[in-house]
S.K.: 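One structure, pasted below without further comment.
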Amino acid sequence: MKFGVVVFPGSNCDADCLHAIQTVTGQPVEYIWHKSGSVDGFDCIVLPGGFSYGDYLRCGAVARFSPVMKPVIEFARRGGMVMGICNGFQILTEAGLLPGALHRNKNLQFLCHDTYLRVENNTTPFTCRASEGQVIKIPIAHGEGNYYADPETLRQLEENKQVIFRYCDPHGEVTPEANPNGSLNNIAGICNEQGNVLGMMPHPERCAEAVLGNTDGQLIFQSLLDFWQRRCG
Amino acid sequence: MVMDPKVWREMGLTDSEYEKIVEILGREPNYVEVGIFAVMWSEHCSYKTSRPALKTLPTEGPAILQGPGENAGIVDIGDGQAVVFKIESHNHPSAIEPYQGAATGVGGILRDIFTMGARPVAVLDSLRFGELDNPRVRYLFDGVVAGISGYGNCIGVPTVGGEVYFADSYEDNCLVNVMCVGLIDQKDIKKGVAAGIGNPVMVVGAKTGRDGIHGATFASEELSEEAAERRPAVQVGDPFMEKLLLEACLEVIKTGYVVGIQDMGAAGLTSSSCEMASRAGTGLEMDLALVPRREEGMTPYEVMLSESQERMLLVVEKGTEEKVKEIFAKWDLDAVVVGRVTGDGILRIKEGSQVVAEIPARALTEQAPVYHRPTRVPAYLEEVQNYPVDSLNMPHDYNEVLLKLLASPNIASKEYAYKQYDYMVGLNTVVTPGSDAAVLRVKGTRKGIAMTTDCNGRYCYLDPKTGAAIAVAEAARNLVCSGAKPLAVTNCLNFGNPEKPEVMWTFWQCIEGMAEACRALETPVTGGNVSFYNETRGNAVYPTPTIGMVGLVEDLDKVCTQGFKQAGDAIFLIGENLPELGGSEYLKIQFGLEKGKPPALNLELEKKVQRFVLDEIKSGLIKSAHDCSEGGLAVALAECCISGGIGADITMVRRFRGDALLFGESQSCIIISVDRHKGVELVKKLVDAGVPYTQLGTVGGDSLIINVVNPGCTGCGGNLVNLPVKKIEETWRGAIACLMK
């Protein structure tokens, strides 16, 4: 299974994603330059965190016009696995691959700390190794992670079980206190209707090694590999 | 034509300095040349006042690969790898425009690190403000934190540590000191030298605009009432541009095409060009018409003095220009040949075919004036040092005092600030903010690097020499508590107006204390930065010689943290708690006093304590270690409980007044915990090593309980502290956020 990590100008979690994928899955992984016109040969594409093009405009609003986004969108439409983390999630919503948008955090500050997530749907390629309702600890680091969608879209997301992760307390209770940024319905991550495109604000690559004190992030990369090898999902 | 004296005086040159320029050139300088001399001979760039004192600092040691004089210091960490690090101030800009001032402070220090060829892996910030009950202080604090967050998070270098202090003396003149740490393979080290006659000189990165002209001069005078008018001298940062510049520079350095490289920081193109030529003993010829510009109609003077951010000056091997341009083009950046290295030692600036300035490069650097300014002992010292601290009433309720101390912004959790910093990006942060020191792993090895910044300005105000020595000792102690061997120092010396003999005296005293401690603890100084004129309306900030220190963790499995680990573990105090209340946070909180003599520092004892604790962390005997600092033993114990999420039961002999026992800030004290069965082994080792210690009690329960016994005095003992850890933690964690509402 071959992973590709897209490098936009201003991406800063590209090296981290590459490292985590290598460490957890042991599979080949390469960078994909933002000017690249093709994503042929890759089985899973990761849009990493960072500040693409400085994000001086709405986050991700410029990156979605990068040449590489055309083949990424086609890849996703063909059912290819695409995962956007943090800025990657923002880019996916701007590119129309995922519904909704990410507003500024409710307290208007950048926030970096651990959060607890409840796995709401374990039938996707990104979560097939999890049990439903499992609580994992994954850190956030963003200024604009406050998920918003209009009521109709939100209803559909919930109905189709497209909400994959929800901010919760350590016991799995979805409470207002556990919501760091004001996201509607405590949403931390969603997928598209087909289930092959995931966007999430928390950073699983930051907690995938014991030396960093937390390995909960491994679950997501391991799920991707196992799904590909038809061992789960 | 003879120049009007007003011209050079407005640029900050004295009449005698102007005469010296005429003497060096053998003629009257023109306007551009005066501007160039004025910035290069400004205090900020020339260190003309501080140089005699700085020369007395120890700068050599077995691990030092690069001492003062380059863009940053370099320390060997084995395996052909090295740590590159430096600290710098951005005080004046931040006091006027906190967001951009702090942001460009981060940007500038990052460039100092990657210009050496190193990848920046961490940023630390040492910040000082007035008291938070003042709305303008809250505005400055919020702005500075947001600026650091905005720049550091965007470029993707984690902000992993630092310190924040609040005291009235910093009210108008906040201090923003930023330290950056980078990692490098020693074979890739680059320096700021313009070597190789005929080699092309290139300007790369952002375009040059009119921003920040005379920023260095602005940083070399007191902040006046009209300072706000200087806002245009503050630059605006573009972290996205810097991210591209960082990646492009590291890529081009890897190719071997680069001969020398330097950041265009203070005094922009002027300082980078003459410093690179001066170091190499060469000259430079540049045509300013070729420099990419942000706006039209800029004069040569403006181009030379612009402090537009995110620019670098490169000298590359002749014939590689096109390949270098290709790499920068890949990152959508300008890279333009603007001149070449010459053999005549002259900085020759042209605009097209016309020569607009011609100055010997060394005249701007080596030949800058040096001032041996007069010193005088400040009158306030005797009064504050002799304050009869022992005559103060003792508290009735120790629980209340402890909670007050934990809620004091100087002691309370700095989470409000560091939650806004991305401290994890890069996947190296093993010990996150909030412990004694931050620890980062070195990928691909078992090693870690530890880092901290420290300085208690109040101690330095009360006794500059001891205060500065304590800053060094505490930094080293913090590294030791995390399991690291202290290696080297970078310093940021923040003082008032050095033309005042009292300020100059405190400066020299601080340098003496620092030198003594650095020698004793074998942590040489590799460079840093001096910031004078931190003074408004005649009031100087507390002398604040901030110490940035890095250390090496040989084995990441042996990293130590401050939190108590397990119920039943035995708690010891290593070192000696003495009746020393002077300069304590307790005096400030309880009595509103910033007086008394700060705690004494015995460097022999300090060394012994540090060596013992480091050895026994490495041996695995010590399970937690935490330095006692502001708030004394009681606050340190509370912090061990908070971090460990567990209580402690402490019993101490009351050898002197209870408030001094609990809240005095004696130096060289470390609280450790060991397995309950290893207590005897520990004591034997302590006795063998001749290290003083006190057994304090046991880890366990949900509360911090501190009892005292008083042999020979029935009824004198009893319980002083009994507080649930939950209550302690709430008070400590929420205090600053509460004040910021």
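Labels below follow one simple rule: chain letters A, B, ... track the order of the sequence lines, proteins then strands, and each chain is numbered from 1.
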S.K.: Rounded at 0.5 Å granularity, tell me how far OG1 in Thr23(A) sits from NZ in Lys443(B).
M.R.: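 Separation between the atoms: 9.0 Å.
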
S.K.: Are more than 12 heavy atoms from other residues, nucleotides or ligands located less than 6.0 Å from atom CD of Glu415(B)?
M.R.: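 More than 12 within 6.0 Å, yes.
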
S.K.: For chain B, find its close neighbours in residues 200-213 of chain A: heavy-atom separation under 4.5 Å, sorted by number, or none.
M.R.: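 The residues closer than 4.5 Å to chain B, in numerical order, are Glu205(A), Arg206(A), Glu209(A), Val211(A), Leu212(A).
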
S.K.: Pick whichever of Gly143(A), Gly50(A), Gly10(A), Cys112(A) has the most heavy-atom pairs under 4.5 Å with chain B.
M.R.: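 It is Cys112(A).
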
S.K.: Could you grab the distance from atom OH of Tyr56(A) to atom SG of Cys154(B), nearest 0.5 Å is fine?
M.R.: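 Taking OH in Tyr56(A) and SG in Cys154(B), the distance rounds to 5.0 Å.
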
S.K.: With only heavy atoms counted, which part of Lys330(B) is less than 4.5 Å from chain A, the side chain, the backbone, both or neither?
M.R.: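 Both the backbone and the side chain of Lys330(B) come within 4.5 Å of chain A.
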
S.K.: Take atom NZ of Lys325(B) as the centre, draw a 6.0 Å sphere, and report whether it contains more than 12 heavy atoms from other residues, nucleotides or ligands.
M.R.: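 Yes - once you tally the heavy atoms of other residues, nucleotides and ligands closer than 6.0 Å, there are more than 12.
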
S.K.: Decide if atom NZ of Lys726(B) counts as having more than 12 heavy atoms of other residues, nucleotides or ligands within a radius under 6.0 Å.
M.R.: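 It does not: Lys726(B) NZ has 12 such atoms or fewer within range.
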
S.K.: What are the residues of residues 424-432 of chain B, in order of number, with any heavy atom under 4.5 angstrom from a heavy atom of chain A?
M.R.: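 Hits under 4.5 Å: Met424(B), Val425(B), Gly426(B), Leu427(B), Asn428(B), Thr429(B), Val430(B).
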
S.K.: Would you please classify the geometry between the Tyr53(A) ring and the Phe240(B) ring as parallel, tilted or perpendicular, with 30° and 60° separating the classes?
M.R.: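 Aromatic pair Phe240(B)/Tyr53(A) classed tilted.
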
S.K.: Atom CZ of residue position Arg294(B) - does it have more than 12 heavy atoms of other residues, nucleotides or ligands inside 6.0 Å?
M.R.: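 Check passes, neighbour count above 12.
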
S.K.: So which part of Tyr423(B) gets closer than 4.5 Å to some heavy atom of chain A, the side chain, the backbone, both or neither?
M.R.: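 Contact with chain A is through both the backbone and side chain of Tyr423(B).
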
S.K.: Asp238(B), Leu556(B), Asp557(B), Ile155(B): which one forms the most heavy-atom pairs within less than 4.5 Å of chain A?
M.R.: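 The residue among Asp238(B), Leu556(B), Asp557(B), Ile155(B) with the greatest pair count is Asp238(B).
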
S.K.: Tell me the closest heavy-atom pair linking Asp422(B) and Ala141(A), and the distance in Å.
M.R.: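 Answer, listing the atom of Asp422(B) first, then Ala141(A): OD2-CB, 3.8 Å.
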
S.K.: Is the count of non-hydrogen atoms from other residues, nucleotides or ligands lying under 6.0 Å from Asp702(B) atom CG greater than 12?
M.R.: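 Incorrect, the count does not exceed 12.
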
S.K.: Got a second to check how far Asn105(A)'s CG is from Gln420(B)'s CD, nearest 0.5 Å?
M.R.: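 Rounded to the nearest 0.5 Å, the CG-CD separation comes out at 10.5 Å.
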
S.K.: Check each atom of His113(A) against the heavy atoms of chain B and say whether the ones under 4.5 Å are side chain, backbone, both or neither.
M.R.: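 Its backbone and side chain both get close to chain B.
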
S.K.: Kindly compute the distance separating CG (Leu108(A)) from CG (Asp142(B)), expressed to the nearest 0.5 Å.
M.R.: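 Rounded to the nearest 0.5 Å, the CG-CG separation comes out at 11.0 Å.
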
